Enquirer: 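First the structure, which I've put down as C-alpha cells, then a few questions once you've had a look.
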Amino acid sequence: MQIKDDERELNRARYRALSQQLPLMYGIITINTLAVAYTHIEIAPLFLTLLAPVLLLVFALARTVKYVVGRQRLLSDEQIAKSLRNTIKLVIPLSAIFTLWGLSFYQYGDAHQHAQIVFFIGVTTIVSAFCLMHLRQAAMLHLFIVSIATCTFLLTFGEPVLTAIALNLGVVTPVFATLLLQSEKDFARMILQKRQQRQQHSKLRALNEENKRLANTDSLTGLANRRQFLAEIDECVSRHGKLGSEFVVALLDLDGFKPINDVFGHPAGDQVLVDTAARLQKRFSHLPVLIARLGGDEFGLLFRDPGNDEEVMTLARSACDAFRDAFRFEEGAANLSATIGMARFPAAANSRSLLFDRADYALYYAKQNAKSEPVFFSHDHERLIFANSALEQALRHADLEKEMTVEFQPVLDLEYGSTKGLEALARWYCPTLGRIRPDLFIKAAENIGMMGRLTEVLFTKALKEARNWPGDLTLSFNLSATSLSSEAPVRRLLSIAERSGFPMTRLIFEITESAVMNDFESAMEVLNLIRESGAHVAIDDFGTGFSSLAYVHRLPIDILKVDRSFIRDLTRNERSANVLRSILGLCENLKIACIVEGVETQEQFDLVCDLGGRFIQGYYYSKPLSAGDAHMVLQIESDMQEPPLHAIGDRA
Ligand code: C2E
Ligand code: CA
Ligand code: CA
C-alpha cells in the first residue's frame, strides 16, 4: 500500500492522472454537497447546511489549484512521491468527515430525503473512488471507509429495506474495488512497458551511435577513416560551394614506412602509425583541421579554414616537421619523412573526386621531385602526368634494340690511381620525343611492365662492350625494384651473363636501398642468388631512403655507394662530412667497399680523400662515356700502366 521511491515513472504518471481527475472529483463532490445542503436548508442546522459546504468549497478549490499548478511546475521525483503520500494521508480524515457529514442529515429529513442521502453517499463515493483510481491506496481507503461506516450506520436501524441496502453495498463495494484495482494494474503495466520501450529505444540509439562511430574511425589510430574523410570533403564541397569560401585537401604519405614493417615486423609498423597519428594531432589540435588515416601509410588532412597558399604551406611544412624525431619501437628506431600533396577548393577542382585526384597528382609530383617539401596541385602537374603517358606510349612502340644504348661511367680507385670498373647507364634516344632521361623512361618502363625486357636488352649490350675491355675491370649494372620482386628476372640475367663469357666475379649489380626495402624478404633471396653465382651486390644511392645504418649488416652486400646528395653539401655542411665519415667507418668495419658518388670538384675530391674514401665516381674523374669513348680511354690507361689489383668486390 506504499508509494515506492524507485517507481519514479509510475509515480509521475499517477500524479499526472490525478492532477487531471481530482479537480473533476472536487467539482462533483461540491455539486452533490450543494444539492444536499439545498434540500435540507430549512430543517437542518446552519453549520451543516452552510458552514460545512463553504469550508468544503474552499478546501476543494485549494486542492484543485495545488494540482493544477503542480501540473505546470517541474517537480522532482521526491516532491511527487511526497505529494502522493500526502494525498493518501488526507483521504482518511476527509472520507470520515464526508461520511459523518452526509449521515448526520439522516435525522432531519423524511423518507425522500433519506433516499437522497443514501444516493448522495453512494454516487459521490463511486465517482470519488473512480477519480482516485490511479492512486489505488487512496481509492481503496476512501471506498472502504465510506462503505463500512455507511453499512454499519444502516444496519443499526434493523429496518429490512435499510438492511438490504447495507448488504447490497457490502457486496458491491469489494466487486467495484476489484475492478478498480484491475484497471490500476493495467495502468501501471502500461507505464512500465512504455519505460522499457524507451530504455530499449535509447539503448538501440546508443548502439547505433557507436556503430556509426566505429564505421567512421580507423581502429588502429583512432583517427577518422577514409569513409569519414570523403564524407567530410563532400560536406565541405556543398557548404563552401554555397558560401563561396575555400578549403584545402592534403594527402600525406610516409616515406620509408614499408621497410619498417618488413624489417622490424608489423607491431613496429603499427607503433609508427599510431605515433604518426599522435604527432599530427598534436600539431593541429588547435586548428580546424580534420586528420584521417586513409589506409596503409597514407593520411589525409582537411584544412577547413585555410589561409592563403603560403599559410597552408607553413602548416603543411609543420606536418612534415613532425617527423623530424626518430620513431622508436621495441626493436629499435627509424627515421621517416612525409610527403604532402595538396589541392585547394575551388581553384584546383570543385568536386570531391577531382580534388582527391589532384591532391594525389600533387603528392605524386612531390614524391618524384620535391621530397619533404609539400606541393600544391598546379595544372602543370596534370600536363606532366599526361606527358608521362605520352612517354609510356612511345616506349611501348620503341624498337629497344635500336633506340637503347649504354654509356659507361668509370669508378676511380684512389689507392692505385686508376679505373677500377665502370657503371653501365642506360640511354634512350626516342625518334619522336628526342633524348629522354633514364630515370624517366625507367620509371615509365616499370609502370607499363616493360622493365624486364628493357633490362635484358641493356644488360646484353653492356656485357657485349665489357667483354672487350682490357684487364680485369668490373662492370656495374643497375637493377630496378621490379627485378627484385622474384627470382626469375635475375636468373635470366645471370644466364645471359654466363653465356656472354664475361666473368661472374667481375660483375656488380647495383640495387637502391628503397628497392630492397620495397619487398625485403624477396629482395634478400635475390641478393643471395646473385652472390651464389659469384657476382657482387652494391647498395646504390645510400642515404636517400631508409638510411638506417643499423640494418646494413643484415644485407648480403659487397659495396655501398654513398648518394651524391651528401657530397653536394660536403664542403658546406659539417653534418654531411660527419655522416660520410661514419659511413666510411661502417664499411671498413663490415669489410665492404664504399664508393662515393657525385664527386664533381677538386674541393670535394680533396675532402673525400681526407676522410679516407678510396673509390670515387663523378664528373671530377669522368662523365659517363659512350661505349666507344670508354673503350678508347680504357685502352690508353691500360697501355700507360699495369692494371691495379682488385679491391672492389673482394669479399672478406
Ligand atoms: P645512378 O645509378 O645513381 O647513376 C648515377 C647517375 O648520376 C647517372 O645519371 C650519372 O650520369 C649521374 N652522375 C654521375 N656522376 C655525377 C656527378 O658528378 N654529378 C652529377 N650531378 N651527376 C652525376 P643518369 O645516367 O641520368 O642515371 C640516372 C639514374 O637512372 C641512375 O642513377 C639509375 O638509377 C637509373 N639508371 C640508369 N641506367 C639504368 C639501367 O640500366 N637500369 C636501371 N634499372 N636504372 C638505370
Ligand atoms: Ca647506380
Ligand atoms: Ca647512385
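When a ligand or atom number is given, it counts from 1 through the structure's own listing order. Everything numeric in this text was worked out from a predicted model, so none of it was measured.
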Enquirer: The Ca ion (ligand 3): which protein N, O or S atoms are under 3.0 Å away?
Expert: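 For the Ca ion (ligand 3), the protein N, O and S atoms that sit under 3.0 Å away are Asp540 OD1, Asp541 OD1, Glu597 OE1, Glu597 OE2.
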
Enquirer: Using heavy atoms and a 4.0 Å limit, tell me yes or no: is Glu597 in contact with ligand 1?
Expert: yes

Enquirer: Which pairs pass ring-ring contact (aromatic ring centres under 6.0 Å, His included) with one or both residues in residues 471-511, sequence neighbours excluded?
Expert: Phe459-Phe477, Phe459-Phe509

Enquirer: Under 4.0 Å and counting heavy atoms only, is there anything from the protein next to atom 32 (O) of ligand 1?
Expert: no

Enquirer: Write out the residue and atom name of the closest protein heavy atom to atom 15 (N) of ligand 1, then the distance separating them to 0.1 Å.
Expert: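 The closest heavy atom on the protein side is Gln409 NE2, 2.9 Å.
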
Enquirer: Among all protein non-hydrogen atoms, which one is nearest to atom 8 (C) of ligand 1, and what is the separation to 0.1 Å?
Expert: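 Going by distance alone, atom 8 (C) of ligand 1 is nearest to Leu425 CD1, 3.9 Å.
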
Enquirer: Tell me the protein heavy atom at minimum distance from atom 39 (C) of ligand 1, and give that distance in Å.
Expert: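 Ranking protein heavy atoms by distance from atom 39 (C) of ligand 1, first comes Ile442 CD1, 3.4 Å.
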
Enquirer: Among all protein heavy atoms, pick the one closest to atom 20 (C) of ligand 1 and tell me residue, atom and distance.
Expert: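 Its nearest protein heavy-atom neighbour is Glu600 OE2, 3.1 Å.
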
Enquirer: For Ile583, which of Leu560, Asn578, Leu611 qualifies under side chain to side chain contact (heavy atoms under 4.5 Å, CB included)?
Expert: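 That would be Leu560; it is the only one of Leu560, Asn578, Leu611 passing the side chain to side chain contact (heavy atoms under 4.5 Å, CB included) with Ile583.
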
Enquirer: Atom 25 (O) of ligand 1: which protein heavy atom is closest, and how many Å away?
Expert: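 That would be Arg427 NH1, 2.8 Å.
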
Enquirer: Only one of Glu423, His631, Glu465 clears side chain to side chain contact (heavy atoms under 4.5 Å, CB included) with Phe408; which?
Expert: Glu465

Enquirer: Please state which protein non-hydrogen atom is closest to atom 11 (O) of ligand 1 and give its distance, to 0.1 Å?
Expert: Pro624 CG, 3.4 Å

Enquirer: In the protein, which heavy atom is nearest to atom 3 (O) of ligand 1, and how far is it?
Expert: Asp541 OD1, 3.3 Å

Enquirer: Return yes when Asp563 approaches ligand 1 closer than 4.0 angstrom through a heavy atom, no otherwise.
Expert: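 Judged by the 4.0 Å heavy-atom criterion, Asp563 does not count as contacting ligand 1.
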
Enquirer: State whether the shortest distance between N or O atoms of Asn478 and N or O atoms of ligand 1 falls below 3.5 angstrom.
Expert: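 Such a contact does occur with ligand 1.
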
Enquirer: Please determine if Tyr619 has a nitrogen or oxygen closer than 3.5 Å to a nitrogen or oxygen of ligand 1.
Expert: yes

Enquirer: Is there any N or O on Ala426 that sits under 3.5 Å from an N or O of ligand 1?
Expert: yes

Enquirer: Salt bridge or not between Arg293 and Glu298? Use side-chain N to carboxylate O under 4.0 Å.
Expert: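 Judged by the 4.0 Å cut-off on N to carboxylate O distance, Arg293 and Glu298 do not form a salt bridge.
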
Enquirer: The Ca ion (ligand 2) is nearest to which N, O or S atom of Glu423?
Expert: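 Closest N, O or S atom of Glu423 to the Ca ion (ligand 2): OE2.
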
Enquirer: Report the part of Lys623 in contact with ligand 1, treating N, CA, C, O as backbone and CB onward as side chain, heavy atoms under 4.0 Å; options are side chain, backbone, both, neither.
Expert: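 Looking at Lys623 and ligand 1, no heavy atom falls under 4.0 Å.
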
Enquirer: Relative to each other, are the rings of Phe377 and His379 parallel, tilted or perpendicular (30° and 60° limits)?
Expert: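 Aromatic pair Phe377/His379 classed perpendicular.
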
Enquirer: Less than 4.0 Å from atom 23 (C) of ligand 1, is there any heavy atom belonging to the protein?
Expert: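 Yes.
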
Enquirer: Name the closest protein heavy atom to atom 26 (O) of ligand 1, giving the residue it belongs to and the distance to 0.1 Å.
Expert: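 Among all protein heavy atoms, the one nearest atom 26 (O) of ligand 1 is Pro438 CG, 3.2 Å.
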
Enquirer: Can you name the salt bridge (charged side-chain N to carboxylate O under 4.0 Å, His left out) partners of Glu446, sequence neighbours left out?
Expert: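 Glu446: no salt bridge (charged side-chain N to carboxylate O under 4.0 Å, His left out) contacts found.
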
Enquirer: Please list, in number order, the atoms of ligand 1 under 4.0 Å from a heavy atom of Met451.
Expert: 44 (N)

Enquirer: Return the set of residues passing side-chain hydrogen bond (donor to acceptor under 3.5 Å, both in side chains) with Arg575 (not counting sequence neighbours), or none when no residue passes.
Expert: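 side-chain hydrogen bond (donor to acceptor under 3.5 Å, both in side chains) check on Arg575 returns nothing, list empty.
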
Enquirer: Would you check whether Arg564 reaches within less than 4.0 Å of ligand 1, judged by its heavy atoms?
Expert: yes

